[in-house]
Amino acid sequence: MTETLATTDVYSQVQHFYAHQMQALDGLRFEDYAATFTEDGTFQHSPGAEPARTRPGIVKELVEFHKRFDGDPVQRRHWFTHIALTPRADGSLASTVYALVVTVRPGGKPEIAPSCVVHDVLEVSDGQVLTRSRLVTHDQMF
Ligand code: SDN
């Protein structure tokens, strides 16, 4: 079992990375979010959609997606828990994470939707973490 575990150091680097990455997304800083992917990174946030490819492609996809909230004073937050890391043969990490998207509007109550599982491949080198690929599955799509 030991060889399948990531070290505590790597685990905390990944937690720190995710905190910055997802705060960039929730702050609508899409360039900063895209910069947390490798140059050739891929990102699929919803089932059935074509994955966005490369950092400019990820920014474009997020700008497009968020147009649905134009004129809607919504704050979305992506909460990550249960980060499970498994080293891969090529030195990257498979990361499987539970994610809840929490939505709040002024004066309203937080709503949780969707409930997701995030399947990432992460590259970690010299203390730097980048997402090589991200596939998000949604629990309501069974
Ligand atoms: O980046 C993510 C996302 C994400 O970007 C999502 C987006 O809309 C833009 C990391 C982890 C999970 C997610 C989940 C989503 C949900 C998706 C669809 C929606 O909110 O309706």
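Position 1 is the first residue of the sequence, and the numbers go up from there. All ligand and atom numbering here is 1-based and tracks the order in the structure.
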Say whether Thr7 and Asp9, considering side chains only, have a donor N or O and an acceptor N or O under 3.5 Å apart.
no
Are Asp120 and Ser95 close enough that a side-chain donor and a side-chain acceptor fall under 3.5 Å?
no
Name the closest protein heavy atom to [atom], giving the residue it belongs to and the distance to 0.1 Å.
atom                    : answer
atom 4 (C) of ligand 1  : His78 NE2, 3.6 Å
atom 5 (O) of ligand 1  : Phe43 CZ, 3.3 Å
atom 21 (O) of ligand 1 : Phe65 CZ, 4.0 Å

Is there a polar contact between ligand 1 and Tyr33, counting only N or O atoms under 3.5 Å apart?
yes
Using a strict cut-off of 4.0 Å, indicate which atoms of ligand 1 neighbour a heavy atom of [X].
X      : result
Met22  : 1 (O), 2 (C), 10 (C)
Ser46  : 17 (C), 18 (C)
Val118 : 11 (C), 12 (C)
Phe80  : 10 (C), 11 (C)
Leu25  : 1 (O), 5 (O)

Is the positively charged end of Arg29 above the ring of Tyr33, judged by distance under 6.0 angstrom from the centroid and angle within 45° of the axis?
no
Counting heavy atoms not belonging to Tyr98, are there more than 12 under 6.0 Å from its OH?
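Count not over threshold, so no.
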Whether over 12 other heavy atoms sit under 6.0 Å from Arg132 CZ
yes
How does Ala113 reach ligand 1, if at all, at less than 4.0 Å between non-hydrogen atoms: by side chain, backbone, both, or neither?
neither
Could you tell me whether Val97 approaches ligand 1 through its side chain, its backbone, both or neither, with non-hydrogen atoms closer than 4.0 Å?
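No part of Val97 comes within reach of ligand 1.
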Whether Phe30 and His66 hold their rings parallel, tilted or perpendicular, with breakpoints at 30° and 60°:
tilted
From OG1 (Thr36) to CZ (Arg55), nearest 0.5 Å
8.0 Å
Ignoring hydrogens, just give me the one of Gln140, His66, Arg76, Arg134 whose non-hydrogen atom is nearest atom 7 (C) of ligand 1.
Arg76
From the options Val97, Leu93, Thr96, select the one residue that forms a side-chain contact (heavy atoms from CB on, under 4.5 Å) with Leu85.
Leu93
